[in-house]
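Encoded as structure tokens, the structure appears first; notes follow it.
We count ligands from 1, going down the list as the structure has it; atoms in each ligand are counted the same way.
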Amino acid sequence: MNRAEKAALQLRAVDVLRMLKETRTYDELAETTGLPAGDLNRYVNGHVLPGTDRAREVVEELGREALAAELEARIRVDDEGYVDNSATVFDQPFLDLAAPVVANGFDFDRPDVVLTAATDGITLAAALASYYGVRCAYAKKSKETAVEEFIEARQRLQSGIELTYYLPASAIDPGESVLVVDDLIRSGETQELLLDIAHTAEADVAGVFALIAAGEDGIERARDRTDAPVGALTSVAPTTDRVTGD
Ligand SMILES: O=P(O)(O)OC[C@H]1O[C@H](OP(=O)(O)OP(=O)(O)O)[C@H](O)[C@@H]1O
């Protein structure tokens, strides 16, 4: 790790600690982190930076747990089990904070492009692309005027509806590495279409990530399609279970 990477990790740890501190006293933060309250006070106030080992622990372990808890508190699930994710996907600063935790906590190789599907995955993809310093691309359900060449992926969904996603062909070059992300993975159909697009582009897959998995079907479907790491920060019961009163 070079000096700049070390400094970036230390600053990310401070961001995570500041987020945790918003809802805790220093004594409670000490209990959560196992670090002395005095040290935490100095980190949160910016007087001292945590060492590399502590910083990594905070970002990768505590950060992941804390973000999952924060995410769960923001999820609204209606009577039929449908997820309202607006409190998360509209909050770019929260997603910016989540990005390093996701990038460091899920074994993804650094991609060349972060790929998602419009609409709700875009802010997460932008946060991750910004963290990695790479491009962000999103496939849409309609063709953008003035773009000449598209990669298309089409699928007949379980519902019987046919869904097509279009990505400008220039968005991914052959041989590039693509991290496929979305806010939510339910059936996995959207992720599968995005993986089809990556395949057509002759790109490598760095991983598949969703903030929330509604059931395990989507995650398993993505795992069947790639050997790259596949994961979600948190999960809720699948829609059908909730409909039947689970
Ligand atoms: O795993 P799946 O069953 O494919 O479901 C997940 C997809 O559903 C939602 O998007 P939606 O199609 O509702 O479009 P939106 O983002 O424009 O709301 C969500 O943002 C994912 O892209």
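- Protein neighbours of ligand 1 below 4.0 Å, counting non-hydrogen atoms: Ala118, Thr119, Asp120, Lys141, Asp182, Asp183, Leu184, Ile185, Arg186, Ser187, Gly188, Glu189, Thr190.
- Geometric assessment of Lys21 against the ring of Tyr26 yields a positive cation-pi assignment under the 6.0 Å and 45° thresholds.
- Side chain to side chain, Ser86 and Asp84 meet the donor-acceptor criterion of an N or O pair below 3.5 Å.
- In this model, a donor atom of one side chain and an acceptor atom of the other lie less than 3.5 Å apart for Arg54 and Tyr43.
- Counted by atom type alone, Thr234 and Glu72 present one or more donor-acceptor pairs between their side chains at under 3.5 Å.
- For the pair Asp39 and Arg42, the salt-bridge criterion is met [side-chain N within less than 4.0 Å of a carboxylate O].
- Remark: Arg74 qualifies as a cation-pi partner of Phe94 under the 6.0 Å distance and 45° angle criteria applied to the six-membered ring.
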